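The structure displayed is predicted, hence computed values, not measured ones.
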Amino acid sequence: MARGKLRIYLGAAPGVGKTYAMLSEAHRRIERGTDCVVAFVEHYDRPRTEVMLHGLEQVPRKRLEYRGGTFTEMDVDAVLARRPQVALVDELAHTNIPGSRNAKRWQDVEELLAAGIDVISTVNIQHLESLGDVVESITGVRQRETVPDEVVRRADQIELVDMSPQALRRRMAHGNIYKPDKVDAALSNYFRPGNLTALRELALLWVADRVDEYLKQYRSEHRVSKIWGSRERIVVGLTGGPEGRTLIRRAARLAEKGAGGEVLAVYIARSDGLTAASPKELAVQRTLVEDLGGTFHHVVGDDIPAALLDFARGVNATQIVLGSSRRKTWQYVFGPGVGATVARESGPDLDVHIVTHDEVAKGRGLPVARGARLGRARIIWGWAVGLAGPAILAVVLNSVDLGLANNVLVFLTLTVAAALLGGLLPALASAAFGSFLLNYFFTPPLHRLTIADSKNIVALVIFVAVAVSVASVVDLAARRTHQAARLRAESEILSFLAGNVLRGETSLEALLERVRETFGMESAALLERKSDIDPWTCVGRVGFGGPVERPEDADVDVPVGDHMALALTGRVLPAEDRRVLAAFAAQAVVVLDRRRLQEEADQARTLAEGNRIRTALLAAVSHDLRTPLAGIKAAVSSLRSDDVAWSEEDQAELLEGIEEGADRLDHLVGNLLDMSRLQTGTVTPIIREVDLDEVVPMALGGVPEDSVVLDVPETLPMVRVDAGLLERAVANVVENAVKYSPDGTPVLVAASAIADRVEVRVVDRGPGVPDDVKDRIFAPFQRYGDAPRGAGVGLGLAVARGFAEAMGGTLNAEDTPGGGLTMVLTLRAGTRPEFLSVPSERQVSW
């Protein structure tokens, strides 16, 4: 079954007429005899849109119940059963009501398309997923209903429904979009002229990009190499020289003269990589072209004019901007130059601009081979063989008559040996000296620099040519070997940096030490200043020697931005090392920024935690501490009053209330003091071995009678704890359990030994705590659920866990089988007590 086709009406904002245009298209298709139905269209009580629905078949919607209300959605099954040729589906980005067939309406549309049904839909530019952040920054409204860009891109046809902001606001003011009571708010907020203009620009640019993609696809499918000047695209050819900035600015001015002009700067590097422009200059030019709204491209090609023209035709460029040649007059003997070649072969559809600049005819060195990296010893041996070898060989051959042909071969062998050892220059010297000796000693007439037989001239020329060719090949191989080794080292270093960026592991000092070791420097420092007139300050330094106060004082300095620099001392580095050094410098700045952000985050976290605790403490003081104080004051005032004659029972009740309030105050103040001691790190436990029988019963003094069942075997080993801290921790945990345990259901406090640990389990049958809350209940000032304010300030469990961890133990929450919560206090075990005859366990009600 053929897949259906999707047509989308795209608008910049609600009310531009997308739904109206879709319904008009439906009427046109029905007039042509097409089976077209309305799968889902919402008219929002807009009269003109509602009128357009007349005469169109509408598939009944599906009703869904959600949170006590009834909602309607598109019935995908009904549309598939009806199976029309075309289905109208409004609002492609809509989110369906939970319980629908799919979560998103665009997923419903995908099912219809897969079934062979053509779909016409609508969407606003702000609902495209990739533009969510941009739209939010413009309008201040975050779009929660989005559709993936790829869904819209795959549409067979996208039609832009456009309207000027002024016309849309007039339509809004006339009540054609929203009801009158919402018009003023909409006009002053989302539908402001600036917002609508920005959204309109987004829609136009997005559609223009799609049109450009379709054009490229069409040209590729139909193999169209001829340039179509649909828009001005200007390619700037860069050589890495200083004239590149002038060319980029000139191209930008040309692009501004035409609507939709685009600048593409391209640098073409040779595939062998042996000649390259300055990375620093290329980086500056890349930044410049991007600041001017263009793009930078790096292309590899040995034939620079052909590669430049291929690139220009591939991007459908209309103009090429090149600089006047920097060659001197005599250098044109090597060829007409890139500019002349490009102009000659560009053809009638591609204009070429040759721009003058300050570097014209100032000379540009032709690619010169760098010295082969063969090592000093090999080069010395190469010169020795190349100069002394021919002399020694001439003496030997004078005593042995081998003939001129054999003598040439022997000298050629010596020249090849010089090339293998020392590279190009020793080989050239050997060839020149050898040809002189061959001519003087072995070519008739002897001992003269003339040659009688023309065949001997050919032999000598071949000898020199072969010697030079072999020497060039050896030199090229040596340079490429050196380049490969260097690139491998650079790739390893850059891979190291990339890994550190992803993992965020390296500190600033460690990175600077890596820089110092990599380049063999004495010291490395990162300098910073706030402005151009402020002094430099060192934010990180490693190595030895005196500190570097300014980048100018260092042997090597690499600027990073306007106010930072990486300074190294020890030696002057070659220019080829600065590329990797620049990467190190950029990474050093990233590490410094990360460290500062982390410090700021830590400070903010500390301040936020302090503010939260202070706020909670104030809330506790304002209510939880004032409540018992108010009760105590009321009871004391009543007792001191002479207006009422209190009975003994009333006096006892008032005194009991005073005592309970005082106990509650004592408990709250104790927890607050304990929490402050824990947070300031002043809790110093005195660890000794104690028996749980000595501590746990004392911790149950504050709970009601018969509310706790104690199950502590006497055969348990002793525990290494601070008795006072343990008593307070157990008391807080038990009081919390009793507070939430149902009436008549006692809390079980049981202890057991596991390996080298002793567990004290406090088991209640209360409502329990969900898994995602179990850790939060141990945070200060946390009360779970609907606990009343009088239940405390939420410090009991926080203090208990803090005391447990201070003693080397743990306190965790687990579910009680059958319902409830179990607090597990784990302590370090000591020695096991020795008893002659004791019961195995005991169970006591408290």
Side-chain angles (χ1 to χ4, degrees), residues 3-4 6 8-11 13-15 18-19 22 37-46 49-50 53 56-84 86-133 135-136 139-155 177-179 182 186 190 767-774 776 784-786:
R3 179 181 172 84
L6 175 62
I8 294 178
Y9 287 92
L10 177 69
K18 303 181 300 300
T19 304
M22 178 178 65
V37 302
V38 175
F40 188 97
V41 171
E42 191 66 64
H43 56 75
Y44 294 108
D45 296 327
R46 297 171 185 171
T49 304
E50 188 174 3
L53 286 170
L56 297 178
E57 178 185 349
Q58 300 187 43
V59 177
R61 301 183 183 181
K62 186 176 182 179
R63 295 183 175 273
L64 297 171
E65 300 290 336
Y66 181 67
R67 293 186 176 179
T70 302
F71 302 88
T72 60
E73 293 288 0
M74 179 175 68
D75 193 339
V76 180
D77 293 326
V79 178
L80 292 174
R82 170 64 176 77
R83 196 167 186 78
V86 180
L88 307 184
V89 183
D90 205 5
E91 298 179 353
L92 186 64
H94 172 74
T95 300
N96 294 329
I97 296 297
S100 302
R101 182 188 187 99
N102 296 301
K104 292 285 190 176
R105 184 165 292 166
W106 64 264
Q107 295 172 329
D108 298 336
V109 169
E110 286 293 320
E111 288 197 34
L112 300 182
L113 295 173
I117 300 174
D118 294 345
V119 176
I120 303 177
S121 187
T122 64
V123 70
N124 283 327
I125 192 67
Q126 66 264 29
H127 293 298
L128 294 180
E129 195 169 89
S130 65
L131 299 178
D133 295 338
V135 173
E136 184 179 8
T139 64
V141 178
R142 181 67 178 181
Q143 300 295 330
R144 302 190 180 279
E145 292 187 332
T146 59
V147 58
D149 289 41
E150 188 60 29
V151 174
V152 182
R153 285 195 184 97
R154 288 200 305 264
I177 300 177
Y178 292 152
K179 294 181 179 180
K182 297 182 179 179
Y190 192 87
V769 175
D771 292 338
D772 57 343
V773 185
K774 284 185 172 62
R776 294 209 306 267
Y784 172 67
D786 298 327

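Considering Thr122, Val38, Val119 in turn, Val119 is the only one that fulfils the side chain to side chain contact (heavy atoms under 4.5 Å, CB included) rule with Val89. For the salt bridge (Lys or Arg N to Asp or Glu O under 4.0 Å) test with Glu73, the passing option among Lys62, Arg105, Arg61 is Arg105; the others fail.
Looking at Val152 and Leu10, their side chains never come closer than 4.5 Å, going by heavy atoms from C-beta outward. Between Pro14 and Gln126, the closest side-chain pair of non-hydrogen atoms falls below 4.5 Å.
Legend: residues meeting side chain to side chain donor-acceptor pair (under 3.5 Å) with Asn102, ordered by chain and number and at least two apart, are Asp108, Glu111. Glu65 is linked by a side-chain contact (heavy atoms from CB on, under 4.5 Å) to Thr70, counting only residues two or more places apart in sequence or in another chain. Legend: residues meeting side chain to side chain donor-acceptor pair (under 3.5 Å) with Asp75, ordered by chain and number and at least two apart, are absent. For Ser121, the side chain to side chain donor-acceptor pair (under 3.5 Å) test picks out no residue, with sequence neighbours left out. Partners of Val59 according to the side-chain contact (heavy atoms from CB on, under 4.5 Å) rule, which considers only residues two or more places apart in sequence or in another chain, are Val37, Ala78, Val79. By the side chain to side chain donor-acceptor pair (under 3.5 Å) test, Arg154 pairs with Glu110, sequence neighbours left out.
No side-chain donor-acceptor contact under 3.5 Å links Arg101 to the backbone of Asp77. Judged purely by atom type and a 3.5 angstrom limit, Lys18 has no side-chain atom pairing as donor or acceptor with the backbone of Val123. Here the side chain of His94 pairs no donor or acceptor atom with the backbone of Glu145 at under 3.5 angstrom.
Atom OG1 in Thr95 sits 2.5 Å away from atom NZ in Lys104 (nearest 0.5 Å). Note that CG of Asp149 and NE2 of His127 are 13.0 Å apart. Values are rounded to the nearest 0.5 Å. Separation of atoms CD1 (Ile97) and OH (Tyr66) is listed at 7.0 Å; rounding is to 0.5 Å. How far CG of Leu131 is from CG of Asn124: 12.0 Å, rounded to the nearest 0.5 Å. Atom-to-atom distance recorded for Met74:CE and Glu42:CD is 13.5 Å, nearest 0.5 angstrom. Atom CG of Leu80 and atom CD1 of Ile117 lie 5.5 Å apart (nearest 0.5 Å).
Residues Phe40 and Thr72 come closest through the heavy atom pair CE1-O, 4.1 Å.
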